[in-house]
Amino acid sequence: MSEAGGGPGCGFPVPQRAPWSLVAATAALCLVSATSVWTAGAAPMSREEKQKLGNQVLEMFDHAYGNYMEHAYPADELMPLTCRGRVRGQEPSRGDVDDALGKFSLTLIDSLDTLVVLNKTKEFEDAVRKVLRDVNLDNDVVVSVFETNIRVLGGLLGGHSLAIMLKEKGEYMQWYNDELLQMAKQLGYKLLPAFNTTSGLPYPRINLKFGIRKPEARTGTETDTCTACAGTLILEFAALSRFTGATIFEEYARKALDFLWEKRQRSSNLVGVTINIHTGDWVRKDSGVGAGIDSYYEYLLKAYVLLGDDSFLERFNTHYDAIMRYISQPPLLLDVHIHKPMLNARTWMDALLAFFPGLQVLKGDIRPAIETHEMLYQVIKKHNFLPEAFTTDFRVHWAQHPLRPEFAESTYFLYKATGDPYYLEVGKTLIENLNKYARVPCGFAAMKDVRTGSHEDRMDSFFLAEMFKYLYLLFADKEDIIFDIEDYIFTTEAHLLPLWLSTTNQSMSKKNTTSEYTELDDSNFDWTCPNTQILFPNDPLYAQSIREPLKNVVDKSCPRGIIRVREESFRSGAKPPLRARDFMATNPEHLEILKKMGVSLIHLKDGRVQLVQHAIQAASSIDAEDGLRFMQEMIELSSQQQKEQQLPPRAVQIVSHPFFGRVVLTAGPAQFGLDLSKHKETRGFVASSKPYNGCSELTNPEAVMGKIALIQRGQCMFAEKARNIQNAGAIGGIVIDDNEGSSSDTAPLFQMAGDGKDTDDIKIPMLFLFSKEGSIILDAIREYEEVEVLLSDKAKDRDPEMENEEQPSSENDSQNQSAEQMTSISQEVDLIDQESLEESSLNSHPESLSPADTDNAASVSPSEQNSNPAENHETTSLDGECTDLDNQLQEQSETEEDSSPNVSWGKKVQPIDSILADWNEDIEAFEMMEKDEL
Ligand code: DMJ
């Protein structure tokens, strides 16, 4: 350890002084050298135990790969629940996720180099032969440029890299003659038309056969792409150029990176999530290290490692500095706005950011890596897997988990950097959870909902490309791998590219160019490769001591708990800042805090109060910052209230025999389609759509024509479902929740959001029912076949005429009884509904905003009581853990589509007007993010 610490070979050297050969090896060198650091802490794991776990990983891989090969190949992916291949076009569309599928045996290609890492050389040889024999890259199918690059081009190049390594060793692959590389080149040329834009940023999608913009291509009209999509090409493209001598690939990838760098927000040095490929304008101005941006940063640093080009390191360091300044709030990583980087853009994190601790290890910034990794591990311990998105107080925001490998990746790199056996234990837990919860007879199935343990019929190729590699390597000793892994760099899909590429065919590279933007000084390297003497100052328990305060951060967290932990640990002695949702205008303590934050409260003549912030009047810069956040939260609350105000709950009333309007189901509205509060109600018979999820063209248009279509929630956006049933001739739609047992009496209603695009084409009314309410209709259909409902903004009087027609004969007794049951359910629903309404009005107060001529202003009404009914439910259980009923309930309603959070407080609010002009951009961004799918 001491030889590595602080020596010139460890920290990334100042580029001008660094010969490329040293540079290329540096990152790996640092990781290896730190492995011997650990001497105490978690109990060391015996060699036998490590081998046992390694063998378990091998067995799991065989289970996943074997089932794919047996039941799915040559399809792109295995559907592990139905045990068959997923062939695009033959299954209901899953939207963008399907863009990875190009009918090119994706999983086989993505698995190639995993086979070699796992010492399955024979199987690798077979697999390569299959790829060469079976795979066609010329399919008439539109694929994602990003996914095709990282999975297919990367997979072919990784396969080629290890094929030539094996050939050189002299035993296997003796027949190999660069065939995989030829395929990679063919694919590379197929992707090039995507770069035909003035900016040099690639189109997000391309038709493998027809390219872009030809009428047959069915693509090329997109205007936006994500930053990661345009910025995650350089490793594969440069490797392709250097392997083949065809310089064009590296040139194109560099041009795209240059453009992104040019477009970074100059004062914050951050990039947004999506960019217009023609104008270069940022479309989404929020910025984090997860979805949409993640591997752009990864590739800047790794391009430096692989290619030895200083400009990539300079760019990375500039961005990293900004990330650590604005986004990193250890242990959290929270999105901010590129123009106002002190403002958080979200209150939740996505699972993709779990790769970041691994990247920080490569960078050499171990401490925050340990912290974030530990926080993520706590979330995993609570839910068995990392949910796709989770809030800052660790509630599930999006409950799906498609067996993503990022956390395993970071665990591996942290183990390499610290040698702390704690990370082996973490890996062991990952293995156990996969076997316990995701393993099915025909492979491993993605989690549909980590809270319920329900599965999705999906096993993504990255599970084989990445998860098994990182888990196997975690437990492997050097002698367990047939080649030296340190000679390779991992792409974002964990494909292996040899570091020797940096000296090959480099004529086209801009070697040793120094960026015109960044003056490098030594501070750029403050966080560089672990200087183990500083990072582990004679204290072998270093990593443990960083983790310790975070140990119970999830379990013990009440809502807002993590903020509290963070603030307690970073501003010891200070009280946690006042949150907008807790604010009571009559609480003297709150008023005092407001004053400290520079926020003044003005009582208006009409009884409302107006909040104005003058940062300059705050007691300190930290208070000013808290004040800014408070105002931002207040605006966010108001904006949510506004939405709620605009779209109150709706009713689905069953009007046909024998219900006659007595069954009224509380329904959630949609932010699109016919507004039932403005129009006459819609009445019609119901019919289930086929497919039931309504995510593709209906196969039973004759059944839904002129009727109200029933569709199941999930798989695609609400708006897509609406369009599909409308096209089939439905006059309305009812989306029924797929979370079994959910009900509006236990979960707050929410509005169905649009898809972020123009939804004016949707003319029919759409309502949402939770599962219990929905099953009342479904049961009714089963029993009576013809079921007529009324969709409206509120229940209509019962129809006495219809009711008189009710036949009291004994043969109808059972029907009547079941109708009675339904009636009583409906009454219960009504009752609860009324109760909750009363509760809301009890806790809500006229809240309004009014003009102000000052920096930041928002108005709220004075409140005698807490304006958040959720607070009224907050209880402390005996074991000291906090439970928040409303939050728990809210979790139940939060899945992929319900991006509009339910807000049950403060029903009455007037619109935000011109005083908030300065904030409009933020509000729009919030709204956009809420609508966003990951
Ligand atoms: C992988 O395909 C790659 O790691 C990509 O960069 C983003 N994440 C997925 C797996 O989660």
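Ligands are counted one by one from 1 in listed order, and the atoms in each one are counted from 1 as well. Being a predicted model, the structure only gives us computed values, none of them experimental.
- For Tyr470 and Phe490, the ring centers are positioned less than 6.0 Å apart.
- No heavy atom of Glu298 sits closer than 4.0 Å to any atom of ligand 1.
- For ligand 1 and Pro405, the ligand atoms under 4.0 Å from any heavy atom of the residue are 10 (C), 11 (O).
- Screening Phe243, Tyr299, Phe195 for a ring pair (Phe, Tyr, Trp, His ring centres under 6.0 Å) with Phe237, the sole residue that qualifies is Phe195.
- Here the protein heavy atom with the shortest distance to atom 9 (C) of ligand 1 is Glu406 OE2, 3.5 Å.
- The nearest heavy-atom contact from the protein to atom 2 (O) of ligand 1 is Glu493 OE1, 2.5 Å.
- Salt-bridge formation is not detected for the pair Lys469/Glu409: no Lys NZ or Arg NE/NH1/NH2 atom is positioned less than 4.0 Å from an Asp or Glu carboxylate oxygen.
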| request: Before giving the answer on side-chain hydrogen bond (donor to acceptor under 3.5 Å, both in side chains), spell out for His319 and Tyr296 the whole-Å C-alpha distance, their side-chain angles and the decisive distance to 0.1 Å. | output: CA-CA 10 Å; His319 284 312; Tyr296 162 64; 2.8 Å; yes

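- Exactly one residue among Gln400, Gln715, Lys448 makes a side chain to side chain donor-acceptor pair (under 3.5 Å) with Glu456. That residue is Gln400.
- Of all atoms in ligand 1, listed by their number and element, those nearer than 4.0 Å to a heavy atom of Ile150 are 2 (O), 3 (C), 5 (C).
- Applying the 4.0 Å criterion to heavy atoms of Leu352 picks out, from ligand 1, the atoms 7 (C), 8 (N), 11 (O).
- Using a cutoff of 4.0 Å between basic side-chain nitrogens and carboxylate oxygens, Lys302 and Glu298 are scored as salt-bridged.
- For atom 4 (O) of ligand 1, the closest heavy atom belonging to the protein is Thr492 O, 2.8 Å.
- Interface atoms of ligand 1 facing Glu466, defined by a heavy-atom separation under 4.0 Å, are 1 (C), 2 (O), 3 (C), 4 (O).
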